[in-house]
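Lettering follows sequence order; numbering is per chain, from 1. Owing to the predicted nature of the structure, the values given are computational and were not obtained by experimental measurement.
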Amino acid sequence: MSGAWTIHTQVFDGPLDLLLYLVQKKGLNPRELSMVEIADSYLAYLARMTELHLGLAADYLVMASTLIWLKSLELLPRKPALVEEEDPAEALADQLIAYQEVKAQAAALDALPRLGREQHRREAMEEGEGPLVSPVDAFGLLELYYAMLQRHAEPPPTHQVHGPMPTLEDACREVIGLLDLSGGSAELGWMLRELGAQRERVLGFLGVLEMTRLRWLSLEQRVHLGPVQVSLNLDGDPDYGLLSGAVEEEIA
Amino acid sequence: MSDPRGEVVAFPGGGGDPSLVGAIEALLFAAGAPVPVARLLEVLPGRERREVQGALEALGRRYQAPESGLSLEEIAGGWQLRTDARFAEAVGALMGGKTQRLSKAALEVLAIAAYRQPVTRKEIEDLRGVASGAVVRSLLERGLLRVGSRRDEPGRPLEYRTTALFLELFSLGELRDLPTLRERRELD
């Protein structure tokens with residue numbers, strides 16, 4: 001049954017989501033799936049998504065290959081296994097059932113009265129307690145950054161030797177190392193100067209911004225254009241994978 | 001005047017010392033955020049926990065009146081004044097219509113973290129079958145997830161947990177108040 005007028009607005013969050021949708025649409029029990037049937041409808045769906053020029057993430061293709069393999073296991077006679085092995089179809093069913101539970105729990109969360117949706121609270125009062133610890137404004141950071149670049153402008157180099165390009169992760173490790181050395185808190189300008197060459201400083205500055213965004217660090221500035229104090233919010237090492245983690249591949 | 005259990009109610013209008021009920025209302029209004037009873041006791045010297053509890057109950061009863069636009073809720077280990085859900089639409093419009101939007105992916109990651117915490121990123125991704133770093137990161141930024149400790153297993157992965165802000169967002173008193181799936185099925 002295919003028609004040019006068939007419109008699917010469903011957007012899937014990955015291959016399991018799509019597979020679960022197909023299983024539920026056919027009213028099947030994940031434990032008693034016919035791999036032939038489900039692999040075929042999964043592949044048909046992928047083909048349709050390709051036709052519609054929806055970008056296909058690699059995860060979908062991995063699932064497709066798993067399904068084709070399972071289908072082949074179902075169709076071809078198998079030598080009796082010498083050792084009791086986990087049934088791969090069983091493993092897939094476990095995964096589907098676990099994901100079904102996650103979706104049910106997500107729906108249960110979504111059904112709760114939500115602050116900002118069903119209920120509202122009074123927003124926090126403007127006045128603070130004690131010394132005003134306001135979040136540093138962007139211009140304060142920018143000024144500091146330019147001041148740092150100018151103060152430490154290096155003389156034009158006669159030779160340029162490029163070492164390995166440091167990454168943002170390296171810079172973040174350096175910043176956290178410096179903070180650890182200074183007992184968890186240090187002044188931003190001092191830290192950037194400690195980082196050495198201009199390239200390291202730029203990366204260090206970006207690292208501080210990124211880690212602040214992830215709430216690993218907090219920034220504090222007591223006076224307008226005053227020194228910016230950076231403090232560590234973490235126990236132990238952070239999950240550096242989050243810094244450069246690939247943007248989640250979603251079919252949008 | 002007596003209440004249904006036959007006990008003498010000290011003050012008309014639902015019990016509780018009127019000045020204490022008023023004081024607590026003022027404190028909760030000013031705070032906005034949920035205030036734990038311990039914090040109320042700190043700023044109300046000479047008051048006992050039992051009195052404060054009684055006053056909170058009296059205040060809660062008062063907000064149950066049909067003409068009341070607020071409700072008193074036990075949220076994230078404290079007490080909070082919120083607008084009544086009946087007026088959500090008008091209040092939302094007043095606030096500029098910026099409602100808390102959460103994507104399907106964000107809800108799933110929060111559900112995994114809330115019901116199974118502590119969880120690692122790998123456990124989240126195994127359950128969802130899809131890379132979830134970006135979602136975890138945005139939930140960290142929004143303060144709905146936080147980093148716990150490192151798990152003692154190869155790679156020493158970080159563990160994630162939900163925050164007090166998560167409880168506040170989903171109107172939960174504590175994690176034990178998360179709806180069970182059976183409750184959910186009964187609702188359907």
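Using a 3.5 Å distance cut-off with no hydrogens or angles, the side chains of Glu220(A) and Ser231(A) do not pair a donor with an acceptor.
Here Gln105(A) is the residue among Gln105(A), Glu118(A), Met63(A) with the most heavy-atom pairs under 4.5 Å with chain B. Interface remark: of the candidates Leu16(A), Leu20(A), Leu109(A), Leu109(A) forms the most heavy-atom pairs closer than 4.5 Å to chain B.
Looking only at distances, no side-chain donor or acceptor of Thr120(B) sits under 3.5 Å from a matching main-chain atom of Pro157(B). Distance alone, capped at 3.5 Å, is enough to place a donor-acceptor pair between the Asn233(A) side chain and the Arg215(A) backbone.
Classification of the Phe12(A)-Tyr45(A) ring pair by plane angle, with boundaries at 30° and 60°, yields perpendicular.
Contact annotation for Phe87(B): neither backbone nor side-chain heavy atoms come within less than 4.5 Å of a heavy atom of chain A. Heavy atoms closer than 4.5 Å to chain A are found in the side chain of Leu172(B), but not in its backbone. No part of Arg146(B) comes within reach of chain A, as not one of its non-hydrogen atoms sits under 4.5 angstrom from that chain. Both the backbone and the side chain of Phe170(B) come within less than 4.5 Å of a heavy atom in chain A. Neither the backbone nor the side chain of Glu89(B) has a heavy atom closer than 4.5 Å to any heavy atom of chain A. Residue contact with chain A, scored on non-hydrogen atoms closer than 4.5 Å, involves the backbone and the side chain of Leu127(B) alike. For chain A, no part of Ser138(B) is nearby; none of its heavy atoms comes within less than 4.5 Å. If you measure heavy-atom distances from Glu168(B) to chain A, the contacts under 4.5 Å come from both the backbone and the side chain.
A salt bridge links Asp110(A) with Arg117(A): the closest approach of a Lys/Arg side-chain nitrogen to an acidic carboxylate oxygen falls below 4.0 angstrom. Between Glu73(B) and Arg82(B) there is no salt bridge, since none of the side-chain N atoms of the basic residue sits less than 4.0 Å from a carboxylate O of the acidic one.
You'll find the side chain of Leu110(B) reaches within 4.5 Å of the side chain of Leu145(B), heavy atoms only.
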